[in-house]
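Each chain gets a letter, A, B and so on, in the order the sequences are listed, and its residues count up from 1. None of these values were measured; they are calculated from a predicted model.
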Number of protein chains: 2
Amino acid sequence: MRELCLPVGLSGDDLKAVDAAVGNRTRLKKGDSLYRTGDSFAALYAVRLGTLKTTVLAEDGREQVAGYHLQGDIIGLDGLGTERHGCGAVALEDSEVCTIPFEHLEELARDVPPLQRNLHQFLAREISRDHGVMLLLGSMRAEERLASFLLNLSERYRARGYSSTEFVLRMTREEIGSYLGLKLETVSRLFSRFQEEGLLKVSGRNVKLTSVAALRQLVGQRG
Amino acid sequence: MRELCLPVGLSGDDLKAVDAAVGNRTRLKKGDSLYRTGDSFAALYAVRLGTLKTTVLAEDGREQVAGYHLQGDIIGLDGLGTERHGCGAVALEDSEVCTIPFEHLEELARDVPPLQRNLHQFLAREISRDHGVMLLLGSMRAEERLASFLLNLSERYRARGYSSTEFVLRMTREEIGSYLGLKLETVSRLFSRFQEEGLLKVSGRNVKLTSVAALRQLVGQRG
DNA sequence: CGCGCCGTTGATATTATTCAAGACCAGTGG
DNA sequence: CCACTGGTCTTGAATAATATCAACGGCGCG
C-alpha cells in the first residue's frame, strides 16, 4: 500500500498521513455501481484499474454520460462539501478503486497545505474539464465531437503508457452518443465514415487511429 | 464594509477575519472585462451588483458563454489552485464585484473549517451547475433549452427578491444562443413562438413570463 | 440625424434523428 | 455441437430540427 492514490508532491510524514487517509481498494465488476445519484456523499474515489462512467440525471429521468474515467482519475468531486452525490458512477469493465473518506481528507487538507492546494487543483480541473465538454456540446458538429472524443481518449491512454493509436472502447455506441449529445446511429455512421475516409480503422469496439493529424484538423476547423 | 461578500455561517472573530480577506469593490462598466482567459489567477470575485457572463475559449478561437452571473454569485472558481484563468468574465451591464484574494482565502480556509467547507460547497455547486448545462446541451431540444434558461433566470431573480416573472435580459440573442448551443435566429424565433403560444410576452429584452407552468411542462416532457 | 448593432422573419439548405430492417457476436442451454 | 437469444452494431430511407443566407425594421448612442 506504499503506492499513492492521490498523486501529490508530498514527502515524509505528510505522505504517511495521506496514505493513512486512503482506504482500501474496492473491486467492481462490469456494470456495478460505485455510487448512484442521490447517495449520501462520504468519499472520493481514485480509479486504480479499469474504466468508469459518471452519469447525470435530469429531474425528468433523462440520463446522460458526464464523463469517462480511467486509471488515476479522481471521481466523486461533485458531491464534495454537500450531502449527496450529484451523479452516479458505474464500472464499464471490471475495475478497482481506492476510497478516500472525505471527512478525513478535508481535515488533512487543513494541516497539509500542499494537499489543500492539490485538492483545489483537482476541483478546478474538473470544472475546466466540464467547460471543455460544454464547448463540445454547444459548438461542435457531430463529426468534430467524435473526433474530439477519440483524440481525448488517445491522449489519456498515451499519458498512461498505453498505445495512443490503438485501443478498445469500453463503452457502447449509445454511451458514446449520450456523452456527445448524439444518437447511437449517428455515432455508428460517423465511425463508418471516418473509416471510409481513412482516418481510422474500426471493428466493433476496437479502434485504430490511422491519421491523428486529420482528426486534429477536423476538430479545429471552425473559427 | 460590514456586509459579507462570501455568505458563510460564521460568527465573531472568524467573521472579522473573512471580512479582512475580502478586498474592496471594483466597478465595471458594461463591456468591461474582469479577467480574460489565460490571465494569471489571483482572486475570486463576488458579484455585488449587475450581471456578468463567463466565456470559455476553444483552442481554435471559438468562444462560448459558460454562464451568467448575478448578484451574490462567486466567479473565477475554475482558476482555483492553478496558474491561469480558464475562462473570461465580462460585465453585461454596469456592475460591481468584490475581489477575494485567493492566497489569503486559502490560508484562511485552513484556520476556519466552516469556511473551508463553504469553499468546497461553492466548488461542488459550480460542478453541479456545469453538469446541468451539459444535460441541457446534450439532451434537450431548442425549445426546452430556452424554457429551461428562462426558468433558471426566473428562479434566480426570485431568490434575490426581484420579480420572477418580469425581468430584463442583459444579454443579446446571440449570447443566449451561445450559452444554449443555438444560433441567434433560432433564439429569436423561439421567443416569437413562445409569445404566440401565450407562454410569455417579449419586447426586445423585456420578458414577462405569463405561464410558468407551461414552461415547466415544456422542459420536462421527454422521458 | 444617421450609423451600427440588434432583432425579426422568410426561404432554403444542411444536419442529425427517427423508424425500420437486418447482421453480428457472445453466451446459454438443449 | 448447434440453435437460440438478447444485446449491440450497421445501414438505408424518410422526416424533423436547426442552421444558413438574406433582407429589412428599429432602437439607441454618439
Review point. Should A:Arg84 and A:Asp78 be marked as a salt bridge (charged side-chain N to carboxylate O under 4.0 Å, His left out) after you check the CA-CA gap, both sets of side-chain angles, and the distance that decides it?
Key: CA-CA 9 Å; A:Arg84 315 238 154 246; A:Asp78 70 297; over 6 Å; no
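- As a whole-Å value, the separation of A:Leu146 CG from D:dC9 P is 13 Å.
- Both cation-pi conditions hold for B:Arg125 and B:Phe122: the charged atom is under 6.0 angstrom from the six-membered ring centre and inside a 45 degree cone around its axis.
- One can place CG of A:Leu180 at 12 Å from P of C:dA16, the figure rounded to the nearest angstrom.
- Listed by chain and residue number, B:Thr165, B:Glu166 satisfy the side chain to side chain contact (heavy atoms under 4.5 Å, CB included) test with B:Ser163 (two or more places apart in sequence, or in another chain).
- Within the nucleic acid shown, B:Gly181 comes within 4.0 Å of sugar-phosphate atoms alone, with no base atom in reach, counting heavy atoms only.
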Practice item. Sugar-phosphate means primed atoms, P, OP1 and OP2; the rest is base. With that split, encode nucleotides 2-10 of chain C 5' to 3' as B, S or - using protein heavy atoms under 4.0 Å. Key: ----SSBBB
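- A search for side chain to side chain donor-acceptor pair (under 3.5 Å) contacts involving B:Thr186 returns nothing, not counting sequence neighbours.
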In a table with atom names and distances, give each donor-acceptor pair under 3.5 Å that connects a side chain of residues 202-212 of chain A to protein atoms at least two apart or in another chain.
unit_1, atom_1, unit_2, atom_2, d
A:Thr210, OG1, A:Gly198, O, 2.9
A:Thr210, OG1, A:Leu199, O, 3.0
A:Thr210, OG1, A:Leu200, N, 3.2
A:Ser211, OG, A:Ala214, N, 3.2

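- Partners of B:Tyr157 according to the ring pair (Phe, Tyr, Trp, His ring centres under 6.0 Å) rule, which considers only residues two or more places apart in sequence or in another chain, are B:Phe167.
- Summarising the geometry, the separation between NZ on A:Lys30 and P on D:dT8 is reported as 9 Å, rounded to the nearest angstrom.
- If you measure from atom CG of A:Leu137 to atom P of D:dT18, you get 15 Å, rounded to the nearest angstrom.
- In this structure, the CG atom of A:Leu190 is 14 Å from the P atom of D:dG12, given to the nearest Å.
- Scanning for side chain to side chain contact (heavy atoms under 4.5 Å, CB included) contacts around A:Arg189 gives A:Glu185, with sequence neighbours left out.
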Got a list of side-chain donor-acceptor pairs under 3.5 Å for residues 26-36 of chain A, not counting sequence neighbours?
unit_1, atom_1, unit_2, atom_2, d
A:Arg27, NH1, A:Glu96, OE2, 2.8
A:Asp32, OD2, A:Lys29, N, 2.7
A:Tyr35, OH, A:Gly76, N, 3.3

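- The interatomic distance linking A:Asn206 (CG) with D:dC9 (P) rounds to 11 Å, in whole Å.
- For the salt bridge (Lys or Arg N to Asp or Glu O under 4.0 Å) condition, the pairs that include at least one residue of residues 129-140 of chain A, sequence neighbours left out, are A:Glu126-A:Arg129.
- Axis angle across the helix from C:dC1-D:dG30 to C:dG30-D:dC1, with five pairs used at each end and values rounded to 10°: 40°.
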N/O to N/O distances under 3.5 Å, protein versus nucleotides 15-17 of chain D:
unit_1, atom_1, unit_2, atom_2, d
D:dA17, OP1, B:Arg141, NH1, 3.4

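- Straight-line distance from the NZ atom of A:Lys183 to the P atom of D:dT8: 16 Å, rounded to whole Å.
- The stretch residues 171-191 of chain B participates, sequence neighbours left out, in these ring-ring contact (aromatic ring centres under 6.0 Å, His included) pairs: B:Tyr68-B:Tyr179, B:Phe149-B:Tyr179.
- Remark: P of D:dC9 and CD of A:Gln195 are 15 Å apart, rounded to the nearest angstrom.
- Residues passing the side chain to side chain donor-acceptor pair (under 3.5 Å) test with B:Arg193, sequence neighbours excluded: B:Glu143.
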